[in-house]
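The next block holds one structure in the form of structure tokens; read it before the comments.
Keep in mind that the numbers below use all heavy atoms, side chains included, and drop hydrogens, waters and symmetry copies.
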Amino acid sequence: SWSNGLITVAAANEAGQVAFAQHGGNVLYFQVEKDRIEKLADQEMEREVSCLDLNPFHKHTSASSMDIDEEDVATPKKSPPLPSQWLAVGLWDDFTVRLLDLKSGNYLEEVQKIHLSSQLEGDDEDDEAQGPARRNRNNMMARSLCLITLDFSSASTQTHNANSGASNPGVDMLFVGLGDGSLISFAVVEQDGKVSVRSKKEACLGTLRIDLVPLSTRGGGSCVLATGDRPTVIYLAGIGGGAASNANFNPKLCYSSVNLSASDEDDMDDNITRPPSHQTIAVNVASPFYSPLLFDATAEGSGSTSQQYSLCVADETSLRLGVIDDIQKLHVTTCRLGMAPRRIVHCVEGRLFAVGCMESGIKHLGAYEANNSMGNCIRFMDDTTFDDIKRVDLDPFETILSMAYVTMRLPDRESGVEVAIGENEDGFVYKPFLVVGTGYSMADEAEMTRGRILLFSCESDESNSSNNRTVRQVTEFSTNGGVLSICQFFNGSILCAINSKTMLCRLHDDAGMTKLRFVGVGHHGHILSMFVKSRAHLQGQKAVAVEEKSKSGGKKEKVVPEELIAIVGDLMRSVSVVQYFSEHQILEEIARDFNANWTTAVEMLTDDIYLAGEHWSNLYCLRRNKTASSEEVRCRLDVVGEYHLGEMCNKFMSGSLVMPVSAASGGGPSRRMGSAKSQTDSPSKAPAIRVRRPVVVTGSQTLYGSVDGSLGVILGLDGRTAAFFATLERAMAKVIRPIGDLSHQLFRAFNAERRMHPAHGFVDGD
């Protein structure tokens, strides 16, 4: 032990280095060994010390530049506790941070003076003369410091696992937390024995003072937790494919807010005016810790990787023990194709993106020709690195109209195709395929008269260390028209919209060859069937048994859903519902919307609720009355919602921009920050699991894309929440004066040519 004077601030690390400051600005540096504490140096500073930090940087494989804007970044190694080479010191009434040397023989020698103020470095005398009167947001004093090496494995656990064999470049950073909630970051660079800082960046994380806590991620990366009224995790993100292509990395700092959950008692409150359970709670102090008695069920794996996810945070009234979920942010990566993309599909099993592209032959011919057509192709790219795997060129004048990744039933067991899916309960074998629908666009034809359905298998070779992907065309099928839309249907079949017809398609065996063919009689009666969607492959609650002939001539009984329905979006005649009767092998229309809408996108939210967009930038929602007693009511789709979006929507798909908490935790207990008192019961008695009432019940989650390039989300809300937000929306419209005195109600009203209706059934999320 050592005792001499009052200690104001202190810092230490796992390597046994200890530094603290006393009244008067005296900084002392110690080294802790096995059974003694040895004082190595002391240094008198000009002012009182406000904060210290001596967290070590990781070792790097090369002495290259650590600038966050540089391309060549080095690679951190995992090793035993490393000693820190520098001590960061912040002073009161001084708008600088000092870096002191901790190397042998140069203890506490100042090697760098970092100015936090936006003033020039030569204004130190003026700063002293004016004193506290000159304090503003740009020259606040440092209240917390953090030296850390951020690496790219902190950005995404999935990315780290994909490149586990490659090195992870990192950047040595100095973070400075100020008293007004601002965060300043620097990249620390050592070249030729000299230390410098670059790439100064500032961010406002709230209004309270910031404390910085270094953390480690599950993938072995590092990040920083900034406390305050808006707790935030700071991590490093970059673009590239590993150590072999470090020049492709473009590192950038990312900020992800941390939502802390309220206590169990607050979640049981039925008052609708209370804030949601995921609310922002001000954090005064935080510290990482590990205990095998807490959160052992939530930690994935064992060892040192799970202990990094335990965290203790405290606000003014509560102490919370918990863990932090993986960082969830919407990251945008640009991949330049050199041609115009028309369709894109993710092939999960093959870990590929299939992109239907269109390019001109002008650059190949060197001159423009009147009959020169736009060449189309399908490009298969790696879903992580975006490297080209294969390219399939189409015929002249052939246009890609639709793409879908579906699961189809193989003709029989003796097809000789090795599959990973295996047999289903009905005894058949199913396998995923990429289905591409095309059409031949000829100049002398007003409507496409020819098209093709192409079937590709996308597989990954797991036995090969290089993880090669194989893309093979299985079969093709010629059609009498353009294949405008394709969707998954029941029992390994697909629905295809071909010009004005809707057909059911399935694989069959033809002399040992796997081929596609139409099944039964399709539906005819649309002007142009632009879209087809179905949820028949997701059904299975209500089912009936039917007989089907097998290849051997016998009969076998199988179970199919009670209603096999799909919706078809017509070019001019809105949305209709068709049903497939398996015993007669026929598609028939059972209900439709009798309004004339130029449909641009459709989606089935449930079996009875449908969402659609039309070309006047409106959205509308339809409901099927299948339980009505009158046949006239059952065959009509009621309009239950209308809304003017302001942008023409051309794509709907199920999904969300953020991953739900339950999915992020891998199906285990919740990984969010929360009270841990229920976990501290006797180990012989399992803690009771109390079902929490969600504040907002979210139904369907649908993403939409518009022709203006925007992405959005449409959420299904329960009646109680929808009524509350609708009332809030009307109240805001009365209080808040709109820009330019333009009526918000008039703007959101459904306006389609000669029809104009007030918006209803939708709540404006903006």
Side-chain angles (χ1 to χ4, degrees), residues 401-402 447 481-487 495-503 522-536 563 565-580 587-626 628 630-654 700 702 704-707 714 716 748-762:
L401 301 177
S402 56
E447 186 178 274
V483 186
L484 300 175
S485 182
I486 299 172
C487 78
L495 280 179
C496 303
I498 304 172
N499 285 4
S500 61
K501 300 169 291 186
T502 305
M503 304 294 297
H523 176 260
H524 305 253
H526 291 95
I527 296 176
L528 201 62
S529 302
M530 300 294 297
F531 313 97
V532 59
K533 290 292 182 70
S534 176
R535 290 167 47 89
E563 277 193 336
I565 62 173
I567 61 173
V568 180
D570 189 76
L571 175 66
M572 299 174 60
R573 299 175 60 185
S574 192
V575 178
S576 62
V577 182
V578 297
Q579 181 176 355
Y580 180 73
L587 276 171
E588 287 188 357
E589 181 179 292
I590 58 174
R592 70 174 302 105
D593 176 25
F594 290 93
N595 295 310
N597 292 318
W598 292 66
T599 312
T600 59
V602 298
E603 180 65 28
M604 290 187 70
L605 303 183
T606 66
D607 291 339
D608 303 320
I609 304 295
Y610 319 123
L611 180 67
E614 55 96 48
H615 84 301
W616 289 99
S617 304
N618 298 309
L619 302 178
Y620 58 99
C621 191
L622 304 171
R623 181 178 60 194
R624 176 184 168 215
N625 300 304
K626 66 177 181 180
S630 173
E631 179 67 23
E632 182 181 356
V633 177
R634 288 198 300 268
C635 69
R636 184 179 64 246
L637 298 180
D638 293 337
V639 179
V640 295
E642 292 177 318
Y643 182 79
H644 181 72
L645 183 63
E647 303 176 39
M648 192 177 79
C649 180
N650 62 351
K651 180 65 177 179
F652 288 126
M653 66 179 300
S654 300
S700 58
T702 306
Y704 71 83
S706 71
V707 296
I714 301 175
R748 291 303 186 188
F750 183 94
N751 190 353
E753 214 163 7
R754 298 182 179 179
R755 290 182 297 144
M756 187 170 182
H757 304 147
H760 63 97
F762 286 86

Is there side-chain contact between [X] and [Y], with heavy atoms separated by less than 4.5 Å?
X	Y	result
Tyr610	Met604	yes
Leu622	Ile567	no
Leu619	Ile714	yes
Glu603	Ser654	yes
Ile609	Cys621	yes
Lys501	His524	yes
Lys626	Ile590	no
Asn625	Arg623	yes

Say whether, by atom type as modelled, one donor and one acceptor occur between the side chain of [X] and the main chain of [Y] under 3.5 angstrom.
X	Y	result
Thr599	Asp570	yes
Thr600	Cys649	yes
Lys533	Val602	yes
Ser485	Val532	yes
Arg748	His644	yes
Asn618	Asn751	yes
Arg573	Gly525	yes

Would you call Glu563-Arg624 a salt bridge at under 4.0 Å N-O?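 The answer is yes: the pair qualifies as a salt bridge.
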Testing Leu587, Val568, Ile486 one by one against Leu495 for a side chain to side chain contact (heavy atoms under 4.5 Å, CB included), which residue passes?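 With Leu495 as partner, side chain to side chain contact (heavy atoms under 4.5 Å, CB included) holds for just one option, Leu587.
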Near Met756 CE, under 6.0 Å, is it more than 12 heavy atoms from other residues, nucleotides or ligands?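 Atom CE in Met756 is packed in, count exceeds 12.
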Could you walk me through whether Asn595 and Asp593 pass the side chain to side chain donor-acceptor pair (under 3.5 Å) check? CA-CA 6 Å; Asn595 295 310; Asp593 176 25; 3.1 Å; yes
Testing Tyr620, Phe750, Phe762 for ring pair (Phe, Tyr, Trp, His ring centres under 6.0 Å) with Tyr643, which one passes? Phe762
